[in-house]
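Just so you know, ligand 1 is whichever comes first in the structure, and atom 1 is the first atom listed for that ligand.
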Amino acid sequence: MISSERMAMVDRNAAALGVSTKQLMESSGNAVARAVRERADPGDGVLVVCGRGNNGGDAMVAARFLEEFETETLLLGRPGTIRTEIARENWDAIAESDLPTRTVTDSREFDLDEHDPDLVVDAMLGTGVTGALREPEATVARRVNAADVPVVSVDVPSGVDADTGTAAGTAVDADAVVTFHDDKPGLADLAADVTVADIGIPSAAETFVGPGDLLALDRDADSHKGDNGEVLVVGGGPYTGAPALAARAALRAGADLVRVACPAPVAREIQGYGPDLIVRGFDGDRLAPRHVDDLLDRAADQDAVVFGPGLGSDDATLEAVAEFLAGYDGRAVVDADALQVAPGVDTDAELICTPHQGELRKMGGETAADWRERADLVTEFASDLGHTLLVKGRYDVVSDGEETRVGRTGNPGMTVGGTGDVLAGVTGALAVQIDSTLQAAALAAWANGRAGDDAAAEYGNGLAASDLPDRIPQALRDEEV
Ligand SMILES: NC(=O)C1=CN([C@@H]2O[C@H](COP(=O)(O)OP(=O)(O)OC[C@H]3O[C@@H](n4cnc5c(N)ncnc54)[C@H](O)[C@@H]3O)[C@@H](O)[C@H]2O)[C@@H](O)CC1
Ligand SMILES: [K+]
C-alpha cells in the first residue's frame, strides 16, 4: 500500500536513479494496453479518454500499443494546454503517427453514441485530482457511467481520491483499474477489479532516501503556514561544542527558534558560538534530577527537544535524562550518552534515537556488517522499542519498526567528532516540520551526509563538523550540492 505523496517521492527518487518518469509512463501505458487486450477483441472499438496531466499521458502511450483495435484517443482540452512535457510528447507522438485523435473542449462535443465503443479507457484524472470533477470531465464521467460499456480506469477511477477512496462529486464507475507500482489505500473498497502493474521502479527508489524525500518538506511547509517550530537542545556540561553544533544545525535545517538549556557555567561559552542561539543555564556543572521539573516546563512550550549533545555520562545526568523522558510526551531526538537510558524508560514521548553502532549495542540492539542484515536487525529493535531509530554508519539505517529506509550519502571524512551532533540538530528541526518521525529522520540522515559530501569536496578528509551546518540549507534543496 502506498500513499500518493509517497508515490510522488518514489517517482522522483527513481528519476534520480536514472529511471525517468517518461520511462515509467511507457511501462504504465503498456500495462494499460494489456488490461484492454484482456477485455476486448481485435477490431473492437476502444475509446481512450485522456486528461491533460500524466494520467492522460499514460493512456496516450497505451493508444500506441492498441493499434489492433479501432482505437480513438480523445483529449479533454486543447493540446496546447497539456500540463506536463512528457504527456505533451506522447500526445504529439500519436498525432504525428496519424493514429485517430480528437479534442473535446466542451462537454457538448462529447457524444458517446457517436463513438459507440466496446470499451472505454478512463484517463481523465489520476492522483492529481483535487475536489470535485470540473467540466468537461464531470459530464463525460456521467455519460460514461450511464452507458452500458466496460470501463478500464488508469491508476484510479477519475474523481476518486487515491488515498481515501472518496469522491468530492461525480466519479467514474470503473469495472477495472490498472494501478501502478503498489496498491493504493483508496482502491480497497471499490467494486472494480484492481490490478497492480509493475512499471519497473527499482526497489532502491523506495529503500534509499533520495531527492524525492524532500517533497515531505514541501507539503508540511504549506500545512504549517510558515510556522517551522521551536527546538530545545538540552546538552553541554563536560562539552560545549556539541550543543552549539546541534543548535546551529537545527536553525539551518529550518527551525524558527532554537533554545539551548545547559549548565550555567558553560552557558556563556555556548552563547559565544553564535548570536542566533537563545541559551539559558541551569545551576551546577552537570544536568541532574533537580533540574527535571524546570526542563519539563520549558519543553512543554517547544515543538521538539534534542537531548544529549555534550551532556556526559555522569550517573546523576543519566538519571535526570530518564526522569525527563518518563515525564515528557512530546517529540524528542535522543543522542549520545542519553541513548543508553532510552530503552528502559516508560514514556509517552515519540523518540527518535540516533545511535552509532557502538551506542546501538549499548542500548541492547544488535548490528551486522552487511547493511541489509543490519536493516533487518534495526527494524526489529525499533519495533521492540516502540520508537524510531536512526542508526549511523556508512549506510544510515532508519526504521520505525514498520518501515525502514537507508541513507547512503556521506563519506569517511565524517567520522570526525561532532558530525553526530549536527545530525541530531537537523533531525530535531525536521521532526517539527514533518509529521512522520521516520520520514524526518530519514531526510535528516540524507541531508547531513549530503552536507558532508559537499564539505568533503572542499576539505577532503580534513572536513570538520562545523563545516556542515551552513551546508544544510543547500543539502535540503532538490539540486546538486
Ligand atoms: N507518480 C508516478 O510514479 C507515476 C505516475 N503516473 C501517472 O501520473 C498520474 C498523476 O499525474 P498528474 O500529477 O499529472 O495528475 P493528473 O493527471 O491526475 O491530473 C492533472 C491535472 O488535472 C487538474 N485537475 C485537478 N483536479 C481536477 C478536477 N477536480 N477537475 C478537473 N481537473 C482537475 C489539475 O490541474 C492537475 O494538475 C498518476 O495517477 C499516474 O496515472 C505514471 O505516468 C507513471 C509514474
Ligand atoms: K483515471
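The distance from the CG atom of D44 to the CG atom of L66 is 11.5 Å, given to the nearest 0.5 Å. We find the CG-CG distance between N90 and D58 to be 8.5 Å, quoted to the nearest 0.5 Å. Here CD1 of I94 is found 10.5 Å from CD of E72. Values are rounded to the nearest 0.5 Å. Here the CG-SG distance, from L390 to C353, works out to 10.0 Å after rounding to the nearest 0.5 Å. Atom-to-atom distance recorded for I199:CD1 and M25:CE is 9.5 Å, nearest 0.5 angstrom.
Nearest to atom 20 (C) of ligand 1 among the protein's heavy atoms is G53 CA, 3.6 Å. Of all protein heavy atoms, the one lying nearest to atom 38 (C) of ligand 1 is D155 OD2, 3.1 Å. At the shortest separation from atom 10 (C) of ligand 1 among protein heavy atoms lies T127 OG1, 3.3 Å. Counting protein heavy atoms only, atom 9 (C) of ligand 1 is closest to N55 N, 3.6 Å. Ranking the protein heavy atoms by distance from atom 21 (C) of ligand 1 puts R83 NH1, 3.7 Å first. The nearest heavy-atom contact from the protein to atom 42 (C) of ligand 1 is D58 OD1, 3.1 Å. In terms of protein heavy-atom proximity, atom 36 (C) of ligand 1 is closest to G128 O, 4.0 Å. Nearest non-hydrogen protein atom to atom 30 (N) of ligand 1 is R134 N, 3.1 Å.
Sorted by first and then second residue, the pairs that involve residues 188-198 and meet salt bridge (charged side-chain N to carboxylate O under 4.0 Å, His left out), not counting sequence neighbours, are R39-D193.
Checked against side chain to side chain donor-acceptor pair (under 3.5 Å), R374 has no partners two or more places apart in sequence or in another chain.
Near L133, meaning under 4.0 Å from one of its heavy atoms, ligand 1 places the atoms 29 (N), 30 (N). Interface of M7 with ligand 1, defined as ligand atoms under 4.0 Å from a residue heavy atom, comprises 2 (C), 3 (O). The atoms of ligand 1 that sit less than 4.0 Å from any heavy atom of T130 are 25 (C), 26 (N), 27 (C), 28 (C), 29 (N). Those atoms of ligand 1 that come under 4.0 Å of a heavy atom in G126, given as number and element, are 16 (P), 18 (O), 39 (O). Short contacts between ligand 1 and M25, defined as distances under 4.0 Å to a heavy atom of the residue, involve ligand atoms 43 (O). For ligand 1 and S28, the ligand atoms under 4.0 Å from any heavy atom of the residue are 42 (C), 44 (C).
At least one side-chain heavy atom of R6 sits less than 4.5 Å from a side-chain heavy atom of D213. Counting heavy atoms from C-beta on, the side chains of F65 and R37 come closer than 4.5 Å.
R252 has a carboxylate O that lies under 4.0 Å from a charged side-chain N of D470, or vice versa, which qualifies the two as a salt bridge. Using a 4.0 Å cut-off between charged nitrogen and carboxylate oxygen, R102 and E114 count as a salt-bridge pair. Salt bridge present: R248 and D276 bring a charged side-chain N and a carboxylate O closer than 4.0 Å. A salt bridge is absent between R361 and E359: the closest approach of a Lys/Arg side-chain nitrogen to an acidic carboxylate oxygen does not fall below 4.0 angstrom.
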Mind listing the side-chain donor-acceptor pairs of residues 167-178 below 3.5 Å, one per line with the distance, residues two or more places apart or on another chain?
residue : atom : partner : partner atom : Å
T170    : OG1  : R142    : NH1          : 3.2
D175    : OD2  : V151    : N            : 2.8

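Checked against V334 for a side-chain contact (heavy atoms from CB on, under 4.5 Å), the options T427, I352, L351, T354 give a single hit: L351.
Heavy-atom proximity to atom 24 (N) of ligand 1, evaluated over L125, V19, T21, is greatest for L125.
By the 3.5 Å distance cut-off applied to N or O atoms, N54 is counted among the residues near ligand 1.
A heavy-atom separation below 4.0 Å is found between A132 and ligand 1. Residue contacts with ligand 1: G51 is excluded, as none of its non-hydrogen atoms falls under 4.0 Å.
Ordered by chain and number, N55 OD1, D122 O, L125 O, V154 O, V156 O, S158 OG make up the set of protein N, O or S atoms under 3.4 Å of the K ion (ligand 2).
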